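Worksheet: one structure, shown below.
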Amino acid sequence: MPDSILLHDGPLTPEMRARMELHVADGVALAQQLPFLPPATLDVIAGHHERWDGAGYPQRLVGEQIPLLARIFAVCDVYDALTNVRPYKRAWTVSETLAHIQASSGTHFDPQVVDALLNVLADATGLSESA
């Protein structure tokens with residue numbers, strides 16, 4: 001992925017967005033060259049930008065059509081992206097991030113995966129499940 005996209009400090013142009021979305025296929029192609037990776041790894045790479053409601057990419061999979069490990073990774077990926085600084089945004093607080101993830105349950109994310117994440121974080125940190 002070119003730095004001009006990764007380090008872009010504003011909304012992506014349609015052309016930049018299209019190129020960015022190709023990273024899924026690029027990642028799968030690269031990972032397929034690593035014979036030691038378990039097949040489920042390819043499912044995660046291929047499906048981590050799919051959305052529970054079918055509005056994701058690249059295949060527009062819906063609900064349980066998305067492999068479970070990809071659904072889990074999607075929530076973890078967004079959590080990481082939001083809680084860390086990016087050229088185009090500040091790091092969100094854990095509370096802000098969890099509120100966003102909860103609000104996206106059933107649209108972006110599998111509701112059962114969101115519930116599991118909130119339960120694990122509550123057990124590990126004492127954070128309230130209501131963020």
Side-chain angles (χ1 to χ4, degrees):
M1 188 61 50
D3 281 349
S4 62
I5 294 174
L6 289 176
L7 302 176
H8 189 70
D9 64 358
L12 299 179
T13 66
E15 295 80 16
M16 294 168 90
R17 174 107 182 138
R19 175 60 187 102
M20 187 264 315
E21 288 185 8
L22 290 177
H23 88 275
V24 173
D26 294 344
V28 170
L30 178 65
Q32 285 174 326
Q33 297 176 43
L34 304 172
F36 57 85
L37 288 180
T41 304
L42 298 177
D43 290 342
V44 171
I45 296 166
H48 75 284
H49 284 295
E50 299 291 351
R51 289 176 45 120
W52 186 252
D53 63 6
Y57 64 89
Q59 295 182 285
R60 305 245 184 264
L61 299 177
V62 177
E64 292 184 1
Q65 291 177 329
I66 306 164
L68 177 59
L69 291 176
R71 288 182 266 148
I72 294 168
F73 185 81
V75 175
C76 297
D77 187 40
V78 169
Y79 182 93
D80 177 69
L82 293 178
T83 57
N84 286 286
V85 173
R86 297 290 192 256
Y88 50 85
K89 68 159 206 60
R90 66 175 176 79
W92 290 19
T93 67
V94 170
S95 293
E96 289 171 319
T97 300
L98 294 179
H100 173 77
I101 288 172
Q102 281 185 298
S104 300
S105 178
T107 54
H108 190 154
F109 305 118
D110 176 342
Q112 290 182 321
V113 172
V114 170
D115 288 346
L117 171 69
L118 297 175
N119 287 332
V120 166
L121 290 176
D123 289 348
T125 65
L127 287 173
S128 165
E129 291 182 39
S130 62

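Since we're looking at a predicted model, the values are computed, not measured.
- With rounding to the nearest 0.5 Å, the separation of CG in Asp115 from CZ in Phe109 is 13.0 Å.
- A donor-acceptor contact shorter than 3.5 Å links the side chain of Asn84 to the backbone of Asp80.
- For Gln65 (side chain) and Val62 (main-chain N/O), a donor-acceptor pair under 3.5 Å exists by modelled atom type.
- Between the CD1 atom in Ile66 and the CG atom in Asp110 there is a gap of 8.0 Å [rounded to 0.5 Å].
- Looking at residues two or more places apart in sequence or on another chain, you find a ring pair (Phe, Tyr, Trp, His ring centres under 6.0 Å) between Tyr57 and His49.
- Note: the hydrophobic cluster containing Leu117 also contains Trp92 (ILVMFWY, side chain heavy atoms under 4.5 Å, direct or indirect links).
- When every heavy atom of Leu6 is checked against every heavy atom of Pro87, the shortest pair comes out as O-CG, 3.8 Å.
- Remark: Leu22 CG to Met1 CE distance equals 7.0 Å, nearest 0.5 Å.
- His48 contributes a side-chain N or O that, together with a main-chain N or O of Ile45, makes up a donor-acceptor pair within less than 3.5 Å.
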Name each donor-acceptor pair under 3.5 Å that joins a side chain in residues 7-18 to protein atoms two or more places apart or in another chain, with its distance.
residue	atom	partner	partner atom	Å
His8	NE2	Pro11	O	3.1
Thr13	OG1	Glu15	OE1	3.4
Thr13	OG1	Met16	N	3.0
Arg17	NE	Glu21	OE2	3.1
Arg17	NH2	Glu21	OE2	3.4

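- A chain of hydrophobic side-chain contacts below 4.5 Å, direct or via other Ile, Leu, Val, Met, Phe, Trp or Tyr residues, connects Leu82 to Leu98.
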*What's the verdict on side-chain contact (heavy atoms from CB on, under 4.5 Å) for Val113 and Leu68, showing C-alpha distance, side-chain angles and the deciding distance?*
CA-CA 9 Å; Val113 172; Leu68 177 59; 4.2 Å; yes

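- Taking CZ from Arg90 and OG1 from Thr83, the interatomic distance works out to 11.5 Å, rounded to the nearest 0.5 Å.
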*Derivation of the side-chain contact (heavy atoms from CB on, under 4.5 Å) call for Glu50 and Arg71*: CA-CA 8 Å; Glu50 299 291 351; Arg71 288 182 266 148; over 6 Å; no

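- Legend: residues meeting ring pair (Phe, Tyr, Trp, His ring centres under 6.0 Å) with His108, ordered by chain and number and at least two apart, are absent.
- Interatomic distance, Asp77 CG to Ile72 CD1, rounded to the nearest 0.5 Å: 13.5 Å.
- For the pair Leu121/Tyr79, a side-chain contact is recorded, criterion being any heavy-atom separation below 4.5 Å from C-beta on.
- When all heavy atoms of Pro58 and Ala46 are compared, the closest pair comes out as CD-O, 3.6 Å.
- The minimum heavy-atom distance between Gly106 and Trp52, with the atom names listed, is O-CD1, 3.3 Å.
- Here the straight-line distance linking atom CG of Asp123 with atom CG of Leu118 works out to 11.0 Å at 0.5 Å rounding.
- Residues Val78 and Val94 share a single hydrophobic cluster, defined by chaining ILVMFWY side chains whose heavy atoms lie under 4.5 Å apart.
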